[in-house]
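First up is the structure itself, then whatever we jot down about it.
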Amino acid sequence: MDYRPQDIERKWRKYWEDHATYKVSNDNDRPKYYVLDMFPYPSGAGLHVGHPLGYIASDIIARYKRLQGYNVLHPMGFDAFGLPAEQYAIRIGVHPEVSTAANVKTYRKQLDNLGFSYDWSRQINTSDPKYYKWTQTIFLKLFGHYYNKKTDKAETIDSLIQIFEKEGNQHVHAESTEETIFSAQDWNSYDAKEKDDILMNYRLAYRKIGFVNWCEELGTVLANDEVKDGRSERGNHPVIKRPMMQWALRITAYAERLLNGLDQVEFSEALKTQQRNWIGRSEGARIFFDIEDNDAKIEIFTTRPDTIFGATFVVLAPEHELVVQLTSTKYQNDVDAYISYATNRSERERMADKRVTGQFIGAYAINPITKKKLPIYISDYVLIGYGTGAIMAVPSDDERDNKFAKKFGIEIIDVVDLSAFEDAKIGDKRGVMINSDFINGMKVPQAIDRMLEEVEKRGIGQRKVNYRLRDANFSRQRYWGEPFPVKYDMDGVSHPEKNLPLELPELNNFKPTKDGKPPLARAEEWVNSSQGFTRELDTMPGYAGSSWYFLRYMDPSNEEEPFSQNAVNYWQDVDLYLGGAEHAVGHLMYSRFWHKFMHDLGIVPTEEPYKKLVNQGMIQGIIEDVYMLKEKQEGKTVFVSADKIGTYQEDQYTQIHTHIDFVEDYGSEHSYMNEKGIQQFKEWIPEYENAIFDTNDQGHLVTHSEVGKMSKSKYNVINPDHVIEEHGTDCFRMYEMFLGPLEQSKPWDTKGITGVSKFLRKFWNLYFGVDGSPVVTDVDPTPKELKILHTAIKKVNLALDTFAFNVAVAEFMVATRDLAKEKCTKRAILEPLVILIAPFAPHIAEEIWVNALGKEASIHHVTFPKHDEKYLVVSTHTYPIQLGKKVRAKVDFPAEASKDEIEQAIRNSPDLDSWLQGKQLIKVIVVPKRLVNLVAK
RNA sequence: GCUCGAGUGGUGGAAUUGGUAGACACGCAGGACUUAAAAUCCUGUGGGCAGUAAUGCCCGUGCGGGUUCGAUUCCCGCCUCGAGCACCA
């Protein structure tokens, strides 16, 4: 019987489903192991070959751990709220719920084809009211808590209110937006709205003014990605920054804990660095600068208080609240112009732009130490969202300040002498202070300390730890997201909705309203729910549902609570989390934050959600382009074969993407569209029906190929279904793993898949004869066979522990080749071998287990083999004898030979002279079990 | 501009983290089987030079230095590519 993957794979998948082979119980004596994949957003394009890479790897680990005796939780679900479904609804009119359900079905079918060992009874969907009921619940918990810095944890708003009622806020030490002090008497005299406003300063979920990219023409809010040069990418309409009251999460309260938590998790150093940089902790001081002829003060933040003697100007962010008040009439117009220029540019653009721009506002600040007059500028290199939105500029010790000073002709005073520090650069916190009065001669670190003392002594500022992390904007002006369980009374006071889930109202138009309100405003009955209450119109962002989903898998159908304490106390946390590096900061930061919050609430036992995290690389595709002339000929579009494009000037043509399915030999230099491909291309874009195709002599339109992201918009998505159909799931799984290291990006290419396909056949042939009957015998194995087996066991175990799946696959090939050479049919060898491969190729393993070895299903519940060193010992070792880096000879020595014995043998060897080639021997270096190196002159 | 990665045959990639560079696979070449092709199997395959040949010599892990008996691996300086970014005071 030949190996026919399609037949056996279908058969075993059905068996596993019927027997609930992968069902996981929360009630088990075995140690737990939780393997989690980042769940996909089910887009209309379906799963492509890039998705399964991580899923296959995690499935292999899940199966491996199961075979090692762990109770393995390995679930999958869908991150089903999101913009594409909503845009599809606006364009085509299909309700997001309908298109999402259809996409989920497709994804599920495709995932099933990959032979994963998910416990599908635990599947979740973030857009299901049964799920988002709990997302809303957790949101209300954030709304109902504040961060107490004294106890360093979240505590209830009710307890805060009690304090306010008794003693005001003067002894409260909490994370808050504003720091106005009030007494108990003040508090008790406030009306409901005033109290609500004050509490918003403390709540972990709170409302504040945020800026959105508003496009009047499109009547909608745009994402940063959709804005280019202050205009919408679609349609090129103007985009302005528009203030809007929005929900935000006070993640900054957890900055320190998010930072410290990184020390206890196993993430790659690169990823930890990224998160640390994102949090951006810096120690420094806030210092107040007086203003000439004005009572206001400018609060600046600096990490270099030592350089204050070199501060020669002050820069405010264009959005800074004092700008309006301080600008003199003479500069009013210039300042207004600059503000409108700066504020309507995205932060992305502001950052990429290297030009130095700014505007003097006609006012002066007073340096609190030197008492000198400093001109005040606004510039977009100072960001309103960081620090205090104002800096003291020290052009001698800061690169950007320096450029700015040069451009605007501002005085530069050297305050740090670097002459004694050769490799020190500007801003390095090294050097000796000069021109700085009482700190002259001090080294920088010492000078910083001294100045901090002085600042506090003089009462002009305090030490402060600053974070670059900002509170997370939690509002979206969209339909397809979790509704906020919040309503407002006639005074605008916010009230939590008690009756959860608060379901999305039915709509058939998902556009914003004409007056710019979010789509939910269209559901008038829903919005104006009961006596005078109106509902929140925004919905939650995509990361709401994904911030806690891993906890729901532990107890997915619980209707009383998000998850039971029993479940979470058993499963604890995620042992291995696998997903793309694009979520390295956002998602991970938010879910770590939510987790810590829930830990404060006492509903999760661990401080960190993910013990170990591995990022998989991206699978790249091939982008195929055709050349199109910009000028039409006789009203017809002209496409020119790539091998003939050289006759045109570069500005005469442009490249447009074609679908890779139309291209022969795609990815190669000679890739082309033949007659059929051109025909498909015409049908695909009907406006080119009458286009001229300037082909080469063979009638081919040669295309341009390059490696790039696999994406629907580049028409290069490769769907795994066809590959699986042709070669089988086991082959596909092993091939994806064989491509290279998991973490590395690589282009998709099926050229090599025949190698894996051939291997599986060879592997099959170890167990089945040409007539299809099993050939396994009970004869005792030879030492050689045992060595092959145990080498494989050792290497595969090591590879699995280090996520070197490609190496493991290679090892299977080696072992199979060697055993085939030995014509090995011994059960003692072949039985462990098939268990070894089971995590990688689960179907063929099960088939062999049952039909060649006569065992009972399932192989996926047996025990993974461990190697025994005794089969690996060798009696002799061949040592290369090197002179310099050249191998002169090879000599065998007994494996147990000592360094000295080998050295003596070498020194006494009659061949020594010939190895040395007339040189003088100085030293013999023996590395046991490796090599011998002769050092000679 | 800043941060973090990565550069090894024609290609994807190995190398026990300082010890024989190129495992395994693709591709290519030659051969076997076949009327032929496909499929399958076997052999060879980093580059250069010399030799009928076995073989020998030289070069070789992006480039230039350094440390070391020995460097793909460690250090310094460059180049190229990729990813991320919120000009972080």
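All chains are named by letter (A, B, ...) in the order of the sequence lines, taking the proteins before the strands, and each is independently numbered beginning at 1.
- Using a 4.0 Å heavy-atom distance criterion, Lys751(A) is classed as a sugar-phosphate-only contact.
- Side-chain atoms of Phe267(A) and Asn615(A), non-hydrogen and from C-beta on, never get closer than 4.5 Å to each other.
- A side-chain donor-acceptor contact under 3.5 Å links Thr252(A) and Asp471(A).
- One interatomic measurement links the two molecules: CG of Leu739(A) to P of U11(B), which rounds to 16 Å at whole-angstrom precision.
- Glu283(A) has no carboxylate O lying under 4.0 Å from a charged side-chain N of Lys464(A), or vice versa, which leaves the two without a salt bridge.
- Closest approach to the Thr273(A) side chain among A89(B), C4(B), U20(B) is made by C4(B) (side chain taken as heavy atoms from C-beta onward).
- To the nearest whole angstrom, the two P atoms, one in C74(B) and one in A14(B), are 16 Å apart.
- When the C1' atom of U3(B) is taken as reference, atom CD1 of Ile279(A) falls 15 Å away, rounded to whole Å.
- Nearer to the 5' terminus of RNA chain B, by closest-nucleotide assignment, is the contact made by His877(A) (compared with the other of His877(A) and Tyr467(A)).
- Residues Leu934(A) and Val932(A) have side chains in contact (heavy-atom distance under 4.5 Å, counting atoms from C-beta outward).
- What separates CE of Met813(A) from C1' of C26(B) is a distance of 10 Å, to the nearest Å.
- Ring planes of Phe803(A) and Phe805(A): perpendicular class, angle over 60° (limits at 30 and 60°).
- Rounded to a whole angstrom, the distance from the C1' atom of G7(B) to that of U72(B) is 11 Å.
- Residue Val809(A) is the one, among Val809(A) and Asn933(A), whose nearest nucleotide of RNA chain B lies closer to the 5' end (criterion: closest heavy atom).
- Phosphate contact (OP1/OP2 of C24(B), side-chain N/O of Arg817(A), threshold under 4.0 Å): present.
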Review item, nucleotides 14-17 of chain B N/O atoms under 3.5 Å of protein N/O:
from   : atom 1 : to        : atom 2 : distance (Å)
A14(B) : OP1    : Asn806(A) : ND2    : 3.0
U16(B) : O2     : Arg930(A) : NH2    : 3.1
U16(B) : N3     : Arg930(A) : NH1    : 2.7
U16(B) : N3     : Arg930(A) : NH2    : 2.9
U16(B) : O4     : Arg930(A) : NH1    : 3.2

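- G9(B) takes the syn form, because its glycosidic angle lies no more than 90° either side of 0.
- Using atom C1' as the reference point in both A21(B) and G9(B), the two lie 11 Å apart (nearest Å).
- Taking atom P in both G31(B) and U8(B), one finds a spacing of 34 Å when rounded to whole Å.
- Closest to the side chain of Leu931(A), out of A89(B), U20(B), C26(B), is U20(B).
- Across the C1' atoms, G18(B) and U68(B) are found 9 Å apart, a figure rounded to whole Å.
- Comparing C88(B), C26(B), C87(B) against the side chain of Asp380(A) picks out C87(B) as the nearest.
- Annotation for Glu321(A): atom CD does not count as buried by contact number, only 12 or fewer foreign heavy atoms lying within 6.0 Å.
- Ring orientation note: the planes of His877(A) and Tyr879(A) are nearly perpendicular, at an angle over 60° on the 30°/60° scale.
- In this entry the distance linking OH of Tyr381(A) with C1' of C2(B) reads 16 Å, nearest Å.
- Across G10(B) and G65(B), the matching P atoms stand 23 Å from one another, rounded to whole Å.
- Side chain of Pro880(A), nearest nucleotide from U20(B), C24(B), C87(B): U20(B).
- A straight line from CD of Gln274(A) to C1' of C4(B) spans 6 Å, rounded to a whole angstrom.
- Side-chain contact check for Asp401(A) and Tyr381(A): at least one donor-acceptor pair (N or O, by modelled atom type) lies under 3.5 Å.
- No hydrogens or angles considered: a donor-acceptor pair under 3.5 Å links the side chains of Thr878(A) and Asp892(A).
- For the pair Lys758(A) and C26(B), the criterion of a side-chain N or O lying under 4.0 Å from OP1 or OP2 is met.
- Between Pro318(A) and Leu316(A) the shortest side-chain heavy-atom distance does not fall below 4.5 Å.
- For Lys272(A) and G5(B), the NZ to P distance is 13 Å, given to the nearest whole Å.
- Distance check on atom C1': G56(B) versus U61(B) gives 24 Å, rounded to whole Å.
- At whole-Å resolution of the value, CZ in Phe759(A) and P in A23(B) are 18 Å apart.
- Every side-chain hydrogen bond (donor to acceptor under 3.5 Å, both in side chains) that Glu266(A) has, sequence neighbours left out, goes to Lys612(A).
- Within the 4.0 angstrom heavy-atom criterion, only backbone atoms of the sugar-phosphate kind lie near Val814(A); the bases stay farther away.
- Ring geometry for His790(A) versus Tyr871(A): interplanar angle of 30 to 60°, hence tilted.
- Paired regions of RNA chain B, where each region holds three or more successive Watson-Crick or G-U pairs whose two hydrogen-bonding distances fall under 3.5 Å, are B:1-7 with B:79-85, B:10-12 with B:24-26, B:27-32 with B:40-45, B:46-50 with B:55-59, B:62-66 with B:74-78.
- The nucleotide whose nearest atom lies closest to any side-chain atom of Gln882(A) is, among G5(B), C87(B), A21(B), A21(B).
- Within 4.0 Å (heavy atoms only), Leu469(A) reaches at least one base atom of the nucleic acid.
- Distance check on atom C1': A39(B) versus A50(B) gives 42 Å, rounded to whole Å.
- G13(B) atom P lies 14 Å from atom CD of Glu736(A), rounded to whole Å.
- Distance from the side chain of Lys762(A) is smallest to C41(B) among C41(B), C88(B), G12(B).
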